[in-house]
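Keep in mind that what you see is a predicted model, and the values were worked out from it rather than measured.
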Amino acid sequence: FSQEKVTSFGGLVLAERLASRLGLWRKAQEGLPQREALYDWATILKSVVAGLLSGSRGTYAAEEVRQDAALLSLLGLEAAPEEATVWRVQREFGMLQNSGKLPGLQSAWTLQVLRHVSRRDLLFHDFFPMFGDGTLLEGSARREGTKYIDEKGAGLVWCTVFAGPLVAAQQLAREGEGEETCVRGMLEPVLREVVRPLRLDKKALVLLDSLHGDGVTLSEVERLGLHYVVGANKLERTAVTLSEQPEIVWQDTG
């Protein structure tokens, strides 16, 4: 073996083959503006994804690929970006997100994958679930866009909407936005760009927690003509309505 290039991450060739057959790298090249630099978007994305799948972390992810000649060959790459380039690309991605281009790429990838899944496997009790939620990424209170949430602390609010088992849209809440506004704004694009092309809009079931259980979000979900199950803790009449129900409607679940 002394004269051969070997890698302990040979299994990543399966991920590369899957992504290539689904056309994910091609869609990235077509969906993102041309990058006037040493590395194009497909090379950067492929390198970072492979690095993360190999167990690396953060902006150092592509370094694992960059220093592995055999892995570069398996991935069809001549070179991978260094950590400094990956760090700078984060800012470029942020600017693309603000311009609205990243959510479109995400939904295109999601649609491409889901089209290869059997309809039966996508349905849960004959419904196609759409799940929206947000999480707080803890960080410095001095960072732009930082929000403070009682009992959680300070950080950036990262929001996602799933279409079935996959993330179909994701976004960092901007200044003046919270999770509710952010998630609500992503529902229609996911419906338009993923769910309707799959012809599953009549079976779509939106699942949201009680943060979204008031008039604004519910009105939007109903306007879109979607079924929904949403936590009702915020609705004032919930306790009264439940207390008025006769015993016969209740079922003991143990």
- Message: Please determine whether side-chain hydrogen bond (donor to acceptor under 3.5 Å, both in side chains) holds for the pair Trp25 and Glu16, giving the CA-CA distance in whole Å, both sets of side-chain angles, and the decisive distance to 0.1 Å.
- Response: CA-CA 10 Å; Trp25 309 133; Glu16 163 58 18; 3.0 Å; yes
- Item | Full working for side chain to side chain contact (heavy atoms under 4.5 Å, CB included) between Val157 and Leu172 | CA-CA 6 Å; Val157 177; Leu172 199 64; over 6 Å; no
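Remark: the backbone N or O of Pro197 is not paired with any side-chain donor or acceptor of Arg199 at under 3.5 angstrom. In this structure, Ser210 contributes its side chain and Gly213 its backbone to no donor-acceptor pair below 3.5 Å. Looking at Ser219, its side chain does come within 3.5 Å of a backbone N or O of Gly215 through a donor-acceptor pair.
Pairs of residues two or more places apart, or lying in two chains, never qualify as side chain to side chain donor-acceptor pair (under 3.5 Å) while including a residue from residues 238-254.
Here the CG atom belonging to Asp133 is positioned 8.0 Å from the SG atom belonging to Cys159, to the nearest 0.5 angstrom. Residue Leu14 holds its CG atom at 8.5 Å from CG of Leu12, rounded to the nearest 0.5 Å. Here NZ of Lys203 is found 8.5 Å from CG of Leu200. Values are rounded to the nearest 0.5 Å.
The two residues Leu72 and Ala79 come nearest to each other via the heavy atoms CD2-C, 3.9 Å. Residue Ala168 comes nearest to Gln106 through the heavy atom pair O-CG, 3.4 Å, listed as atom of the first residue, atom of the second, then distance. Here the closest heavy-atom approach between residue Pro81 and residue Ser47 is recorded as CD-OG, 3.5 Å.
Within a 6.0 Å radius of CD in Glu30, other residues, nucleotides and ligands contribute more than 12 heavy atoms. Within 6.0 Å of the CZ atom in Arg91, the count of heavy atoms belonging to other residues, nucleotides or ligands does not exceed 12. Within 6.0 Å of the CZ atom in Arg17, the count of heavy atoms belonging to other residues, nucleotides or ligands does not exceed 12.
Using a 3.5 Å distance cut-off with no hydrogens or angles, the side chains of Thr85 and Glu82 do pair a donor with an acceptor. No hydrogens or angles considered: nothing links the side chains of Thr59 and Gln90 as a donor-acceptor pair under 3.5 Å.
Taking the charged nitrogens against the carboxylate oxygens, Glu92 and Arg88 have no contact shorter than 4.0 Å, which rules out a salt bridge.
With sequence neighbours left out, the salt bridge (charged side-chain N to carboxylate O under 4.0 Å, His left out) criterion links Glu83 to no other residue.
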